[in-house]
Each structure stands twice: as structure tokens, then as C-alpha cells.
Trainee: 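Can you keep this structure in mind? I'll have questions shortly.
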2 protein chains.
Amino acid sequence: MDVAHEAGVSTMTVSRALKAPDLVQEQSRERIIAAIAKLGYVPNQAAATLASARSQVIGVLVPSLTNAVFIETLSGIRDYLSEAGYQFLIGETGYSREKEAQLISTYLAHAPAGFLLSSSDQHEILKKHAAMRHIPAVRMFDLGKSNEDFSVGFSQIKAGYTIARHLIDHGYKRPAFLAAQMDPRMLKRREGFRKALQEAGIVADIEVLLPDPTTVGMGAQLLRKVLESWPDCDAVFCCNDDLALGALFECQRRGLDVPGRMAIAGFNDLSWAACATPSITTIITPRYEIGYKAAEMLIDQLRGKAIPKGRLDLGFELAVREST
Amino acid sequence: MDVAHEAGVSTMTVSRALKAPDLVQEQSRERIIAAIAKLGYVPNQAAATLASARSQVIGVLVPSLTNAVFIETLSGIRDYLSEAGYQFLIGETGYSREKEAQLISTYLAHAPAGFLLSSSDQHEILKKHAAMRHIPAVRMFDLGKSNEDFSVGFSQIKAGYTIARHLIDHGYKRPAFLAAQMDPRMLKRREGFRKALQEAGIVADIEVLLPDPTTVGMGAQLLRKVLESWPDCDAVFCCNDDLALGALFECQRRGLDVPGRMAIAGFNDLSWAACATPSITTIITPRYEIGYKAAEMLIDQLRGKAIPKGRLDLGFELAVREST
DNA sequence: CTGAAAGCGCTTACAG
DNA sequence: CTGAAAGCGCTTACAG
């Protein structure tokens, strides 16, 4: 190592000056810092990873990169991890458990320090490796069933329930459930939604679920389907604000008053929800915080801090606006 | 290496079976594959990187993760790179050259095989390392001035010019330029926009540029400013469809007919542009293709393929819709 | 087609 | 507070 030679110390001292400066005499440290600057030295992470058997890389797996929801979660992850000195490898699972397992395998080759996942339960492969090589994982978005593993999110069931209760309380008699992009979280929102309707004695028969990705155009399409099949429908809960925006545009195109003829509720509070005309009632979800807190929980584990508990419920908030 | 022992060959043969199967006898290869499956072997990338002095990781630096534009570019990058067997480290530069240079330094420690950047010109640090360690880089979104370095994108100036010509040709007399998020690409669109107005003998005096990030709410705000200061304005070009959507909502809120009283043009063709009411005239940009082609150009360089030229102009398309 | 030797640049674990 | 030795698990470069 040229830096060691330049500073007149051993490579060990250079290594220590970088990782644990307190253990190095100030004079040595200063000479090392000067040498690093002079030579433009950049430490070789691969060597560090090989020697220490762990890296500063976190494997992050999200369902989709084209969904604004997950992007904000990535921002939260990035903010915490970059502060903590970690990099991350981002993988897109396409909402598939198999794809997620496959990406975990690939990433394992990089000796990641940990994983941030979005599956609703643990993978066998990770259980095996987590036990073997102590690679911790935190799951995001939904809450685990128990405190057995680590998860950060909110109750998708409660969120669906809350929207339905809101619509019922405002006198809507025939609310629809509209969704695209089959995924377990969406199904849980649906579960909560149906539960509230049933409790209120309303038949939960109006729903359209499409497997395709969520887009604004899809929202317009879903609204058309509902109007065709259930002309008496007076409110729609769209599983994502993309769909809600499309539904709003379709109502405008047909001259249907919102919320007079058709109420619209969305989910996530994406950037247009608050300033649409009319503004869109939605559930504000803690997407950024989920990423930030999940990263924090993971790093705390890596650093051996005591973790109070395995589940962190960040909650959500109903934003009542003009569209309902 | 346990796999070598299990298969009764040397570690070298295992290595070859993985990287260059053609060089290994079929029998050996089969035994090695069986041993890998049996033992659940995952190759250690850090060791491979250290030994070969290069990794399968590409450093990708985009201005922002919260902008849908760059996300689609990441999708293109991912599709090409994952097919080619590479991973990528994503960094967010916040539209700052300094931050980009700093991230390059950090990533250099991972011995990346190459870089995909979004700055408008090369960094000193990279020039130094690219020369030293042969780390190639491809720049995305805008086109380089010369064929000296590699870039994939389209002409931002022409795009701005095209929108302005369209507005002029449709008889608008007082078009405004609205933008947020100062960045060099936006300034080039402005340059083209002003040029077209000047050629048509129109004074290009109506513009509002804010440094803050682009959001839908910001679009509404920009439209209010324009109406206050230039009540005779009859058309707005919003530098991004987020802004255009906000401007449309603000017009709806004020009861201004679009395009009768106010024409609105956007940029990028984000998902709502085509299905808004009215649908929004915009420039369709090849975001996904930029990522895909930039990745391809980078990998081709890494594999020593002859690259026809340094600049790849992917063009753009004007989508004329109801809002103008 | 295959293998023995050397080494990539760090860190661990020890000794002082 | 510092350093010499050994080794992490691969690949390179060579020899056969």
C-alpha cells in the first residue's frame, strides 16, 4: 500500500486510521490523511469484503420501480443508509416471490450486510443464509404476523377498512373496490374494505380487479367497467392514486359530477391528490418513513443494538378532501 | 473450495465451468453443476473482484429518484444490465455536479466495471480513473458536444424549439415558459423555446423559473404567477408533465377553458398526459430507451466491441393533443 | 482440457 | 498505540 509507505507506517495503521481513528495516534493519523490526499487513494472494497467476510452493501428488493410509492421508500432508505455509510443494490421483484428469491441468491454473492425486502413473509433461502452467515433482513410495507421477524409498515387491512367506513359515513350506498396489479397488500386492503361494508349491511359486490400494472389510463378503464356493469354505483375506492386520477379524468370526460354523481377515493396521497380539481380523498401512507425506519432497524441489528421489537407500525392517515 | 472437492476437480476448473463453460469437458461440468446444487454454493463476488481487479457492478448516477423520468431510464438500464449479468449501484446526485463527483469517488471503491452518468460533461476524477483503470462511462439524456466521449439522449434544444413552433403555428401569441428544478437540460429546452419565438418575431418575455423540485402543486402555483403578471398570456409550456398537470388543475379550478382561454403543453409524456381531460400536448421522450441503449453502449465497450460512434441521438416526438 | 502457484488488497487475531 | 503474519476465495498466467 503506497499510502502506508508515504506516511511511514504499516498498512495496519492506515486501515485503522480509516475504520477506527481513535486507536491511532494523532500524528500518524495526520500523516496518513495527507498521504491519502496526495496519492488520491481509494480503498478497495472488494478486498475489505473478502477479508472481513462482510460488505457495506445492503440488498434492497422492491416490487416495482415504476410505482412512485416504492420510489419514495427508496429515498428513505437511501437517506438513512448513505448517512450510515452503506451502499445499496436495488432489485425489482415484479411482485413475484420467485423473482425475489432469485434476486436474493444473486445478491448473496456480494456478501451483503443485510436485506430490505418487500415480500410478506420470509424466504427459505434467506432463513438458511441468515442463520448461516448472520445476514439480517427487514420486511417493508406490511406488518408481520408475529414478532418473529422484523417488519416496518402499517396495517393494510385497517387502511382499507378506514376508507370504506369514511364512504359509508358520508352516505354512499354502493361503493366499488377498484384495483390493478395483484399483490398481497392490495388484497389485504380489499379484505378491510369488504369487512367495513359487511358490518354496515352493504353488499360488497362491486369490484374490478385487473392483474396489469397500475396506470392512470387503467383508472379510466376501470371506471368505465364499473359504470357499465353497476350503473347505481355512487363511489369508488381506487387502490392507488394513479387509478383515482384516471377515474377522475373519466368522470370529467363524461360530465359526471365528482362527488355529486360519483365519489372517488384513492390511496397513498401521491403528489396530485391534494391539488386535483376536485382534490382527491386518500390515505396518506408513510412511504418515506417506512424506508427510513426499515433501514434504521436493519443497521441497528448490524451494529448489535438492542431492538425493542420486531414490528414497527407507522400507521396512516385519512385525508378527507373534495372528491368524497 | 468445497465444490471442487465434491466434484473431484481443481478450483480452477470450477471457476472455468462458471465463467467459460466451453473450456471444460462436459463430464466435469456436469459433476461441478451437481456439486454446486448439492452444496448451495454461491460464488464470492468480492474475491472475484479482488483477483480480477474488476467487478460486475455498474455505477449509475441519476439526478433524482423522485422524478418519474429517471425511474423509467433506470428500468431500461436494469433490463439491459440484468440480461448481461451485471448489477448496479444507484446514486442520486440531486442535480449537483459536486455530489456526482463525490458519488463517483465512493463508487470507485467498489471497482465498478463502468459508469452511467447524467452530468452534461465529463468529470475530472473520472477522466483520471478512466485513463488509469480503464473504467468507461456513458452519459445519458443530453448529447455530448463532440464524439470525444459517449452519450445517449436527444437534443434538448430541438425539443424546446419544437414545442414553441407548435404553439406559434397554432396561433398562440403570448406563450410562457414555465419550469422548476434548475438543471442544464431544462435551460437548453428554454434556449430552443426562445429561439423559435424570436424567429417568429414574438417577444419571449413570459417565463417563471423556480429552483425547487418539480411537483404537480408547483404547476398550479406557476400558472397563478403567470396569470397575475401577464394576464394576456394564452399558452404555457411546462418543462415537465407534472407541472402541466398542476397547471391544468389550476385552470379547471378557475374555470378557464383549456385550450380556449389557455393552452397547455408539457414534456415527457408521463402516464396521465394522454388521458387527462383535456389530454395534454407533450413531447414524448425516449426515457426507457436512453437507459437501455446507454447500458448497451457501456457493455459493448467493456466487451471490446467496436462502437460505431460516441453519440447516439434517440430523438423525440411531438404528441399533439387536446390541450393546445 | 486441466492444475499448481502466486497474488489481488485488505482485515483478523495476535504479540508487543 | 503499532506491526508482522496469515488468510479471505477467487483469477491470472503459466505449464503441461
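Reminder, nothing fancy here: chain letters follow the sequence lines and each chain counts from 1.
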Trainee: Report the residue (B:Ala48 or B:Arg16) whose heavy-atom-nearest nucleotide on DNA chain D is the more 5′ of the two.
Mentor: B:Ala48
Trainee: Round to the nearest Å and state the distance from A:Asp22 atom CG to D:dC1 atom P.
Mentor: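 From A:Asp22 CG to D:dC1 P: 9 Å.
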Trainee: Check whether any side-chain heavy atom of A:Leu298 lies under 4.5 Å from a side-chain heavy atom of A:Ile58, and answer yes or no.
Mentor: yes
Trainee: Looking at A:Glu100 and A:Arg97, is there a salt bridge between them, counting it only when a charged N and a carboxylate O are closer than 4.0 Å?
Mentor: no
Trainee: What's the closest nucleotide to the B:Met12 side chain, out of D:dG9, C:dA4, C:dC1?
Mentor: C:dA4
Trainee: What is the separation between atom NE2 on A:His110 and atom C1' on D:dC10, rounded to the nearest whole Å?
Mentor: 14 Å
Trainee: Looking only at the side chain of A:Asn44 (C-beta and beyond, no hydrogens), which of the listed nucleotides C:dT2, D:dC10, C:dG9 gets closest?
Mentor: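 It is C:dG9.
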Trainee: Of all residues at least two apart in sequence or in a different chain, which pass the side chain to side chain contact (heavy atoms under 4.5 Å, CB included) check with A:Leu187?
Mentor: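 If we apply the side chain to side chain contact (heavy atoms under 4.5 Å, CB included) test to A:Leu187, skipping adjacent residues, the hits are A:Arg190, A:Leu209.
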Trainee: Using atom CG of A:Leu18 as one end and atom P of C:dT12 as the other, report the distance to the nearest whole Å.
Mentor: 13 Å
Trainee: Heavy atoms under 4.0 Å, any strand shown: does A:Ala53 hit a base, just sugar-phosphate, or nothing?
Mentor: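 Result for A:Ala53 = nothing.
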Trainee: May I ask you to say what B:Thr49 touches in the nucleic acid, namely base, sugar-phosphate or nothing, with a heavy-atom cut-off under 4.0 Å?
Mentor: nothing
Trainee: Check the distance between C:dG9's P and B:Leu108's CG and give it to me in whole angstrom.
Mentor: 14 Å
Trainee: Is the shortest side-chain heavy-atom distance between B:His110 and A:Val57 below 4.5 Å?
Mentor: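 B:His110 reaches A:Val57 side chain to side chain.
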Trainee: Identify the two heavy atoms, one from B:Leu89 and one from A:Phe88, that lie closest to each other, and give their separation to 0.1 Å.
Mentor: CD1-O, 3.4 Å
Trainee: Within less than 4.0 Å of OP1 or OP2 of D:dG3, is there a side-chain N or O belonging to A:Thr13?
Mentor: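 For D:dG3, OP1 or OP2 has a side-chain N or O of A:Thr13 closer than 4.0 Å.
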Trainee: Reading DNA chain C 5' to 3', how would its secondary structure be written in dot-bracket notation, given Watson-Crick and G-U pairs with both distances under 3.5 Å, brackets [ ] for crossing pairs and | for partners on other strands?
Mentor: |||.||||||||.|||
Trainee: If the condition is side chain to side chain donor-acceptor pair (under 3.5 Å), which residues does A:Thr285 pass it with, not counting sequence neighbours?
Mentor: A:Asn268, A:Arg287
Trainee: With nearest nucleotide decided by heavy atoms, which residue, B:Arg31 or B:Ala51, maps closer to the 5′ end of DNA chain C?
Mentor: B:Arg31
Trainee: Using atom NE2 of B:His5 as one end and atom P of C:dT2 as the other, report the distance to the nearest whole Å.
Mentor: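 It works out to 18 Å between those atoms.
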Trainee: If you assign B:Val9 and B:Leu50 each to the DNA chain C nucleotide with the nearest heavy atom, which residue ends up on the more 5' nucleotide?
Mentor: B:Val9
Trainee: Tell me: CD1 of B:Ile32 to P of C:dC1, nearest whole Å?
Mentor: 13 Å
Trainee: Rounded to the nearest angstrom, tell me the gap between atom CG in A:Leu23 and atom P in C:dA13.
Mentor: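 That distance rounds to 15 Å.
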Trainee: Nearest of D:dT11, D:dT2, C:dT11 to any side-chain atom of A:Lys19?
Mentor: C:dT11
Trainee: We want to know whether B:Ser10 and B:Thr13 form a side-chain donor-acceptor pair, criterion being a heavy-atom distance below 3.5 angstrom.
Mentor: yes
Trainee: Is B:Gln45 close enough to D:dC10 that one of its side-chain N or O atoms is under 4.0 Å from OP1 or OP2 there?
Mentor: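 The answer is no; no side-chain N or O of B:Gln45 sits under 4.0 Å from OP1 or OP2.
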Trainee: Is A:Ser52 close enough to C:dT11 that one of its side-chain N or O atoms is under 4.0 Å from OP1 or OP2 there?
Mentor: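 For C:dT11, neither OP1 nor OP2 has a side-chain N or O of A:Ser52 closer than 4.0 Å.
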Trainee: Could you go step by step and tell me if A:Leu108 and A:Phe115 meet the side chain to side chain contact (heavy atoms under 4.5 Å, CB included) rule?
Mentor: CA-CA 10 Å; A:Leu108 242 19; A:Phe115 279 105; 3.7 Å; yes
Trainee: Of the candidate nucleotides D:dC1, D:dG9, C:dC10, which contains the atom at the shortest distance from the side chain of A:Ala47?
Mentor: C:dC10
